[in-house]
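What you see is a predicted model; the values in this text were computed from it and never measured. Each chain gets a letter, A, B and so on, in the order its sequence line appears, and its residues count up from 1.
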There are 2 protein chains.
Amino acid sequence: MTAGAVTLRHVADAAGVSVSTASRALAGKAQQYRISQQTERSVRSAADRLGFRPSHVARSLRSQKSGLLGVLVPDVANPFFSAVAREVTAAADAHGLSVLLADSRETTSNEVTLLDKLQARQVEGLVICPVGDEGEHLKQVAVSNVPAVLVDRGFPDVRLTTVTTDHRAGAREVARTLIERGHRTIGCLQGRPGTLPNEERVAGCRDALREAGLPFSRRLVRGDRFSEQSGYDACHALLNDVPDVSALFTFSNQIALGALRALQERKLSVPDDLSLVTFDDHPFAGFLAAPLSTVRQDVSRIGRTAAGLLIEQIQTGRRPRRRMHRIPAEFVLRASIGTRA
Amino acid sequence: MTAGAVTLRHVADAAGVSVSTASRALAGKAQQYRISQQTERSVRSAADRLGFRPSHVARSLRSQKSGLLGVLVPDVANPFFSAVAREVTAAADAHGLSVLLADSRETTSNEVTLLDKLQARQVEGLVICPVGDEGEHLKQVAVSNVPAVLVDRGFPDVRLTTVTTDHRAGAREVARTLIERGHRTIGCLQGRPGTLPNEERVAGCRDALREAGLPFSRRLVRGDRFSEQSGYDACHALLNDVPDVSALFTFSNQIALGALRALQERKLSVPDDLSLVTFDDHPFAGFLAAPLSTVRQDVSRIGRTAAGLLIEQIQTGRRPRRRMHRIPAEFVLRASIGTRA
DNA sequence: ATGAAAGCGCTAACAT
DNA sequence: ATGTTAGCGCTTTCAT
C-alpha cells in the first residue's frame with residue numbers, strides 16, 4: 001500500500017473543512033447536502049493539488065462491497081479460458097467492478113484453496129471454470145450466498161448456473177457429416193472421461209451413429225486427458241487395435257496435435273488415409289497441410305453470457321431461472337475430411 | 001460482500017473471550033502471547049463451527065497491505081499476455097499475493113484509467129504490458145512509490161524495470177539465415193512502428209544486412225499494426241511495389257496469417273516462390289502446409305522474470321540495479337525457408 | 001450549509 | 001494469560 005498516501009483527512013485540512021464535508025463534496029453529493037459552490041470547489045482543488053486517491057480498501061470495509069469479481073480458471077494460458085477471462089474482465093469494467101484472477105493449474109486441490117481465498121477477499125461474484133474431476137467443494141459455493149456461475153465443466157448435482165457449449169449437438173453434427181461421407185469406423189480421441197463436455201461429446205457421436213443405424217463401440221473411444229500426450233498415445237493405441245478406423249474425431253486442439261504427430265510417424269496422410277476433425281477452431285487451422293475441419297466453440301459468447309448472468313445475479317440478488325445455458329457451436333468443414341466408398 | 005458474515009466478534013463471543021484473544025489465537029500467536037491451550041482450542045473450534053473467514057478487506061485496511069498485484073495487459077486473450085498473466089499469477093500465489101487483472105483492450109486511454117483504478121485499489125506492485133504508443137502516464141508510475149515492472153514494450157525515457165525479448169538478436173539471426181541461403185531482397189512485415197519490439201526487430205535486420213555488406217531499405221519494411229489485416233495489406237502492397245522480394249519476415253503470428261492469406265490469393269507458394277519466417281512460435285507451426293520457421297520468445301521466462309523482479313522490489317523496497325532485461329529468443333528453423341541461387 | 005461521531009472488521013500497543 | 005483501547009480511511013446518521 002502506498003505509504004504516506006494522501007487521505008481524505010489531508011484534503012479536508014487543506015480545504016479547511018471537515019472530513020465529512022470533503023467526502024460529500026468529492027462524492028458529488030454537494031447538491032444533496034447543500035454544500036456551497038465555494039466549498040465544493042476548494043475541496044476539489046485541494047484533492048487535485050494533493051493527488052488524492054480514495055482508498056478502495058477503506059471504502060470496501062465501510063460499504064461492505066468489495067467491487068471484486070473472482071475468476072477461477074484451470075489455466076489462463078489456455079485460449080479457451082483466456083477468452084473467458086477477457087470477456088468477464090470487459091463486463092466487470094463496464095460495471096465498475098474489478099477482476100481477481102486465480103489459476104488452479106488444473107488441480108482440484110488448488111481450486112479448493114483458491115476458492116477459499118477469493119471468498120476471504122469478499123468477492124461479490126465468482127466465475128468458475130472447474131478442473132472438473134470433482135465437484136464436492138462447489139456445493140459449498142452453491143449454498144453460500146455468493147453469486148457464482150460455472151463455465152464449461154458443470155456438474156449435474158451442483159446447483160449452480162452453468163454456461164457451456166452445446167457439446168452434444170456439435171459432436172452429433174461432426175459424426176453425421178463423417179457418416180454421410182461414408183465413414184463407418186470413427187475413432188474418438190477423447191479428453192478427460194467423466195467431465196461434462198467429454199461425456200456430452202461422446203453422447204453426440206453415439207446419437208449420430210444410432211440415427212444412422214450404426215453400432216457404437218466404446219472400443220473406439222480412447223484417451224484420458226485434454227493433452228497432446230494423451231492424443232498421441234491414444235492415436236497409436238487405437239490404430240494398433242482397430243486398423244480399419246477411417247476417421248478420427250479429436251476432442252481438443254492439443255489432442256489433435258498429438259494425433260497429427262502420431263499419424264506423421266505412421267506415415268499416414270490426412271485426408272487420404274484418414275479423415276480428421278477436431279473440437280476448437282484455430283487461426284492456423286485452415287493453413288495446415290491438411291486444412292483441418294473443426295467445431296468452433298463460441299468462446300466470447302460463452303464468456304459474455306457467464307459474465308452477464310453473474311452480474312444480473314449480483315444486481316437482482318436472485319438466481320437466474322434457467323440453470324443450464326448451452327451455447328451453439330459452429331461446424332467448420334475443411335479439406336481434412338475425405339469420403340469413403 | 002457476504003452479508004451477515006461471521007466476524008471475529010462472533011467467534012470471540014462464542015468462545016467467551018475478547019476479540020484480541022480470538023485474533024491472537026487464530027493468528028497462531030498463542031505461544032507468543034501465552035494463551036492457554038484451552039482457550040486456543042475453544043477459539044479454534046468456535047471459528048470452525050461458525051465457519052469464520054477473516055475479512056481480507058479489514059485486514060488490508062489495518063495492515064496497510066492489500067496483498068494485491070496488478071497485472072495490466074492490452075489483451076488477455078493474446079497468448080503472449082496470457083502466458084505472462086499465468087506466470088505472474090503463479091508467483092503471486094507462491095507469495096501469498098493475489099492478482100488483479102486489467103485489460104486495456106489495446107487502448108492507451110483505457111490503460112491510463114485502469115492504472116489509476118489499480119492504484120486506488122492499493123496494489124502493492126504492478127506488472128504492466130503497455131499498449132506502447134505513448135508512455136507519458138507511465139512516468140507517473142515511475143515516480144510514485146509503487147513497485148512496477150514493464151513487460152515487452154518498454155520506453156527508453158521511462159525509468160522502470162523492463163523485461164523483454166532480445167528482439168534485435170532474434171531478428172538478426174533470422175536475417176542472417178536468410179542471407180546465408182542466398183536471399184538478397186528480404187521484406188519485413190512489421191507491427192506497430194515506434195514500439196520498442198518493432199524497432200529493435202527492424203534494427204536486427206539492418207545489423208545482419210550491414211554485416212553482410214548488403215543495403216538496407218525502408219521500402220522493404222511495411223505494415224503498421226500487429227494484426228492479420230495489417231499483414232495482409234502490407235504483403236500485397238510490398239509484392240506489388242517490389243516484385244523481386246524472395247523472403248518475408250513477419251513480426252507476429254497474426255501478421256503471418258495475413259501474409260499467408262495474401263500469398264494464397266496470389267498463388268504463391270512457400271517456400272518455392274517465397275520464403276517465410278515469423279516471430280512467435282506456435283503449436284501448429286510445424287504442421288502447416290509449409291512448416292513455418294519462427295522466432296520463439298520465451299514467454300514463460302519473461303513472465304517469471306518480471307514477477308520475480310517485482311516481488312523482489314516489493315520485499316526489499318529497492319529498485320533492481322539493472323533496468324533492461326533482455327530474454328534470449330530461440331530461432332526454430334523449419335521448411336518454410338528455401339534457398340536462392 | 002457543515003461538523004462530530006460512530007462504526008465497518010481487524011490488529012497491536014498498552015494495560016493488568 | 002487475557003482484556004481494553006485506539007485506529008487504519010471512509011461514509012453516513014444525527015446534530016446544529
Side-chain angles (χ1 to χ4, degrees), chain A residues 1-44 46-47 50-68 119-122 124, chain B residues 1-44 46-47 50-68 119-122 124:
Chain A
M1 230 112 141
T2 325
V6 180
T7 76
L8 202 52
R9 169 89 264 156
H10 300 127
V11 176
D13 287 354
V17 297
S18 71
V19 267
S20 355
T21 303
S23 168
R24 298 194 265 245
L26 295 174
K29 296 186 178 164
Q31 289 282 3
Q32 185 186 333
Y33 282 92
R34 299 190 286 179
I35 286 170
S36 71
Q37 303 262 325
Q38 262 286 9
T39 312
E40 187 183 353
R41 266 199 305 276
S42 78
V43 170
R44 287 230 132 84
L50 301 177
F52 172 68
R53 237 202 238 105
S55 159
H56 225 291
V57 172
R59 215 173 250 180
S60 295
L61 181 58
R62 168 68 222 215
S63 66
Q64 297 294 81
K65 286 193 174 174
S66 66
L68 249 29
Q119 288 185 262
R121 287 214 180 252
Q122 270 79 282
E124 296 186 43
Chain B
M1 231 111 139
T2 326
V6 180
T7 78
L8 204 52
R9 172 86 262 158
H10 301 127
V11 177
D13 287 354
V17 297
S18 71
V19 267
S20 5
T21 303
S23 169
R24 298 194 265 245
L26 294 175
K29 295 184 178 166
Q31 288 281 1
Q32 186 186 332
Y33 282 92
R34 300 190 285 177
I35 285 170
S36 70
Q37 303 263 323
Q38 262 287 10
T39 312
E40 187 182 355
R41 266 199 304 275
S42 77
V43 170
R44 286 229 133 85
L50 301 175
F52 172 69
R53 233 198 241 109
S55 158
H56 225 293
V57 171
R59 213 173 251 178
S60 295
L61 180 58
R62 169 67 224 219
S63 65
Q64 297 294 83
K65 287 193 173 170
S66 66
L68 250 30
Q119 287 185 262
R121 286 211 181 253
Q122 271 77 287
E124 294 185 45

Give the C-alpha distance, both sets of side-chain angles, the deciding distance and a yes or no for side-chain contact (heavy atoms from CB on, under 4.5 Å) between Gln64(B) and Val57(A). CA-CA 9 Å; Gln64(B) 297 294 83; Val57(A) 172; over 6 Å; no
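Side chains of Ser55(A) and Gln122(B): a donor on one and an acceptor on the other come within 3.5 Å. No side-chain donor-acceptor contact under 3.5 Å links Thr39(A) and Ser42(A).
Taking atom CG of Leu8(A) as the reference point, atom C1' of dA4(C) lies 15 Å away to the nearest angstrom. Between Leu61(B) atom CG and dT11(D) atom C1' there is a gap of 13 Å when expressed in whole angstrom units. Spacing between atom CD of Gln64(B) and atom C1' of dC10(D) amounts to 12 Å, rounded to whole angstrom units. Between the NE2 atom of His56(A) and the C1' atom of dC8(D) there is a distance of 17 Å, given to the nearest Å. Note: CZ (Phe52(A)) to P (dT11(D)) measures 7 Å, nearest angstrom. Atom P of nucleotide dG9(D) and atom CZ of Arg9(A) are separated by 11 Å, given to the nearest angstrom. As rounded to whole Å, 18 Å separates atom P of dC8(C) from atom CZ of Arg59(B). Between Gln122(B) atom CD and dG9(D) atom C1' there is a gap of 9 Å when expressed in whole angstrom units.
Between Ser18(A) and dG3(C) there is a side-chain polar atom (N or O) within less than 4.0 angstrom of OP1 or OP2. In this model, the phosphate group of dT11(C) is not approached by any side-chain N or O of Ser63(B) to a distance below 4.0 Å at OP1 or OP2. The shortest distance between the side-chain N/O atoms of Ser23(A) and the OP1/OP2 oxygens of dT11(D) is below 4.0 Å.
Applying the side chain to side chain donor-acceptor pair (under 3.5 Å) test to residues at least two apart or on different chains, none of the pairs has a partner in residues 23-35 of chain B.
Put simply, CG on Leu68(A) and CZ on Arg121(B) are 4.5 Å apart, with the number rounded to the nearest 0.5 Å.
With dG3(C), dG9(D), dC10(C) as the candidates, the nucleotide lying closest to the side chain of Arg62(B) is dC10(C).
For Thr21(A) (side chain) and Val17(A) (main-chain N/O), no donor-acceptor pair under 3.5 Å exists by modelled atom type. In this structure, Glu40(B) contributes its side chain and Ile35(B) its backbone to no donor-acceptor pair below 3.5 Å.
With hydrogens and angles ignored, a donor-acceptor pair closer than 3.5 Å exists between the side chain of Arg24(A) and the base of dT13(D).
Residues from residues 25-42 of chain B that place a heavy atom under 4.0 Å from any atom of DNA chain C, listed by number: Lys29(B).
Across all strands, Ser20(B) comes closer than 4.0 Å to base atoms (heavy-atom distances).
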